Amino acid sequence: MSLMPLEKRGITGSRLVLGCMGFAGDWDTGVIEKGELLEAERGLDTALESGITMFDHADIYKRGKAEEVFGKCLNNRAGLREKIIIQSKCGIRFADTENPGRYDFSKNHILGAVDGILGRLGTDYLDILLLHRPDPLMEPEEVAEAFSTLMESGKVRNFGVSNMNVAQMKLLQAYIGSPLVVNQMEMSLKKLDWLDQGVHVNQPAGLGTNFAEGLIEHCMLETIQLQAWAPLAKGIYSGKEDFMSAAEKETAELVARMAEEKETTKESIVLGWLMRHPANIQPVIGTTNPGRIQNCQDAPRQAKLMTREEWYKLYISSRSKRLP
Ligand SMILES: NC(=O)c1ccc[n+]([C@@H]2O[C@H](COP(=O)([O-])OP(=O)(O)OC[C@H]3O[C@@H](n4cnc5c(N)ncnc54)[C@H](OP(=O)(O)O)[C@@H]3O)[C@@H](O)[C@H]2O)c1
């Protein structure tokens, strides 16, 4: 398997990313509690011991508290900052007394959001900043100005996006001076539209598929790292057993059989399946549970070992329909 796009660009992120949305308790505005700090410390240390050196944040996660608790962990670990890759996101604004929940890619908002992120994380720079969800009012010139300011001040080293289609990425890329290096999308063994879009070309079955057309190929051509959010499908195939359909139950059983045969964990089969795709997708795992974080660490090896036949068995079991 070839290098992943981030490696080709000299950004030394691990094959798995730890998503930090789950840290810091509830989505309230309260202070960080001792138990929440301990949970984050255990999660971070387990990730590092499992070979994970890349961490995903967003300014909105737990209303800033997820970054704040991570910043406290960093502060307690001298010299760690330079050894890890931190990315965060901005551009979503919560509803307040006067305004609805909305998106905001204005220069002022982006610059202010990054200052807030850096303050909470207690760091001088972000390795990667992502725009979280497309803002219909995006003025690409304005975003370009914000990105130049952030790059020149050294506050952000690379830029990317999340939940964007090819046209939105191309529009932005036409104005900004540095390459977009990441697009983060929901992709998993449960959410299959990223594959169905391709296999349904010229098929009536494709009419109901809703994934950004051509995005996978665009990212492969342009050396853009595809990252998968919710890659564990919230644990449905690795122990949660909260099944919504017979296909989910059967797929969970298949995952369990494969894990047993290959002497690995269910999490590593689920993630290995995603990583087996030639786009070298980087899963952003959202578990805060140390045991489950450890269970993910064999995924890169399982991706290399997975045969075409095993990969298709999992895909077809989950989609619960034969291919056209
Ligand atoms: N760009 C975006 O728009 C976007 C959107 C959402 C998320 N994200 C990023 O993606 C990361 C991952 O997303 P995610 O957390 O939604 O998805 P995920 O990794 O698929 O699932 C993690 C969630 O599932 C639970 N889980 C996993 N295995 C389980 C099991 N066997 N039994 C019970 N519960 C289980 C975890 O709980 P435990 O913690 O208890 O294990 C956690 O709540 C986030 O942390 C965030 O960084 C990005």
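For ligands, and for the atoms within them, numbers begin at 1 and follow the listed sequence. Everything quoted here is computed from the prediction, not taken from an experiment. Note that these values count all heavy atoms, side chains included, but never hydrogens, waters or copies made by symmetry.
- No salt bridge links Asp28 with Lys62; every basic N to acidic carboxylate O contact stays at or beyond 4.0 Å.
- With salt bridges taken as basic N to acidic carboxylate O contacts below 4.0 Å, one links Lys107 and Glu145.
- Between the side chains of Thr251 and Ser317, a donor-acceptor pair is found at a separation under 3.5 Å.
- Neither the backbone nor the side chain of Ala58 has any atom closer than 4.0 Å to an atom of ligand 1 (non-hydrogen atoms only).
- Pairs engaging residues 157-206 under the ring-ring contact (aromatic ring centres under 6.0 Å, His included) rule: Phe147-Phe159, Trp194-Trp273, Trp194-His277 [sequence neighbours left out].
- Ligand-side atoms of ligand 1 in range of Thr287: 22 (C), 38 (P), 39 (O), 41 (O), range being under 4.0 angstrom from any heavy atom.
- With a 6.0 Å cutoff to the six-membered ring centre and a 45° limit on the axis angle, Arg157 counts as a cation-pi contact of Tyr125.
- Contacts between Cys20 and ligand 1 below 4.0 angstrom, taking non-hydrogen atoms only, involve the backbone exclusively.
- Looking at atom 47 (O) of ligand 1, its nearest protein heavy atom turns out to be Asp56 OD2, 2.6 Å.
- Taking 4.0 Å as the cut-off between side-chain N and carboxylate O, Asp298 and Arg301 count as a salt-bridged pair.
- Counting protein heavy atoms only, atom 8 (N) of ligand 1 is closest to Tyr61 OH, 3.3 Å.
- For Lys191, the NZ atom sits in a packed shell: over 12 heavy atoms of surrounding residues, nucleotides or ligands are nearer than 6.0 Å.
- We find that Glu67 and Lys72 are not joined by a salt bridge, their nearest charged nitrogen and carboxylate oxygen being 4.0 Å or further apart.
- Contact annotation for atom 43 (O) of ligand 1: protein absent (non-hydrogen atoms, distance under 4.0 Å).
- In terms of polar-atom proximity, Gly286 is counted as a contact of ligand 1, with an N or O under 3.5 Å from an N or O of the ligand.
- With ligand atoms numbered from 1 in the order given, ligand 1 contributes 1 (N), 2 (C), 3 (O) to contacts under 4.0 Å with heavy atoms of His132.
- Looking at Gly19, Ala230, Ser162, it is Ala230 that brings a heavy atom closest to atom 18 (P) of ligand 1.
- The shortest contact between atom 40 (O) of ligand 1 and any protein heavy atom is with Arg292 NH2, 3.1 Å.
- The nearest heavy-atom contact from the protein to atom 28 (N) of ligand 1 is Gly235 CA, 3.2 Å.
- At a 3.5 angstrom cut-off on N or O pairs, Ser238 counts as close to ligand 1.
- Defined by atom type and a distance below 3.5 Å, a donor-acceptor pair is present between the side-chain atoms of Trp229 and Asn163.
- Of the protein's non-hydrogen atoms, the one nearest atom 12 (C) of ligand 1 is Val284 O, 3.1 Å.
- Listed by number with element, the atoms of ligand 1 under 4.0 Å from a non-hydrogen atom of Gln184 are 1 (N), 2 (C), 4 (C), 8 (N), 9 (C), 48 (C).
- Of the polar atoms of Leu232, at least one N or O is found under 3.5 Å from an N or O of ligand 1, judged by distance alone.
- Under a 4.0 Å N-O distance rule, the pair Asp115/Arg120 does not qualify as a salt bridge.
- A side-chain N or O of Thr123 and one of Arg81 form a donor-acceptor pair less than 3.5 Å apart.
- At least one N/O-N/O distance between Thr288 and ligand 1 falls below 3.5 Å.
- Taking the ring axis of Tyr61 as reference, the NZ or CZ atom of Arg63 does not stay both within 45° of it and closer than 6.0 Å to the ring centre.
- Residue contacts with ligand 1, taken as heavy atom pairs separated by less than 4.0 Å, do not involve His57 at all.
- When non-hydrogen atoms are compared, ligand 1 lies under 4.0 Å from the backbone of Lys234 as well as from its side chain.
- Inspection of the Gln297 and Ser268 side chains reveals no N or O donor paired with an N or O acceptor under 3.5 Å.
- Here the protein heavy atom with the shortest distance to atom 6 (C) of ligand 1 is Trp229 CE3, 3.2 Å.
- Contact annotation for Asn163 and ligand 1: only side-chain heavy atoms (C-beta onward) come within less than 4.0 Å of the ligand.
- Residue-ligand proximity: Lys89 is placed with a non-hydrogen atom under 4.0 Å from ligand 1.
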